[in-house]
Amino acid sequence: MNTEIELPITIGVGDVVSTVGSIILEVRSGEVEDFRPVLADALRQAADAVERADPSEDDEEVPDAAAHG
């Protein structure tokens, strides 16, 4: 059996869970091919996006968060 399976990549911090992307696993002859390089690349991309994010543009409010100032 040859097919592809798409899996979401989610990251959780406390009660907040975000889907940051997905990876596609290749199944060849009934066996899942090595997914580690694909997963590592996806996690690097997610980490890069977090590093480039501008905290001043964060318009989401977190319940019970302390006020700035």
Side-chain angles (χ1 to χ4, degrees):
M1 175 173 95
N2 295 334
T3 190
E4 295 178 342
I5 302 169
E6 185 173 2
L7 297 174
I9 299 173
T10 58
I11 296 176
V13 178
D15 293 335
V16 177
V17 177
S18 294
T19 300
V20 296
S22 63
I23 60 171
I24 296 176
L25 301 181
E26 301 282 340
V27 180
R28 299 289 173 242
S29 301
E31 303 235 350
V32 176
E33 293 187 346
D34 188 8
F35 63 90
R36 293 173 298 171
V38 175
L39 179 58
D41 185 48
L43 292 174
R44 275 192 289 278
Q45 289 178 22
D48 289 346
V50 169
E51 286 180 343
R52 287 190 307 268
D54 183 353
S56 66
E57 291 183 13
D58 187 13
D59 58 358
E60 289 186 38
E61 292 194 19
V62 178
D64 302 322
H68 289 83

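This one's a predicted model, so the numbers in the text were calculated from it and none came from an experiment.
In this structure the side chain of R44 reaches within 4.5 angstrom of the side chain of D41, judged on heavy atoms. Counting heavy atoms from C-beta outward, V38 and L25 have side chains that stay 4.5 Å or more apart.
When the side chains of ILVMFWY residues are joined at heavy-atom separations under 4.5 Å, either directly or via intervening members, I23 and I11 end up in a single hydrophobic cluster. V17 and L39 fall into different hydrophobic clusters, where Ile, Leu, Val, Met, Phe, Trp and Tyr side chains are chained together by heavy-atom contacts under 4.5 Å.
Within the model, atoms CD of E33 and CG of N2 stand 8.5 Å from one another, a figure rounded to the nearest 0.5 Å. Summarising the geometry, atom OG belonging to S22 is positioned 8.5 Å from atom CG belonging to L7; distances are rounded to the nearest 0.5 Å. Note that the CD atom of E26 and the CD1 atom of I5 stand 10.0 Å from one another [nearest 0.5 Å]. Residue Q45 holds its CD atom at 7.5 Å from CG of D48, rounded to the nearest 0.5 Å.
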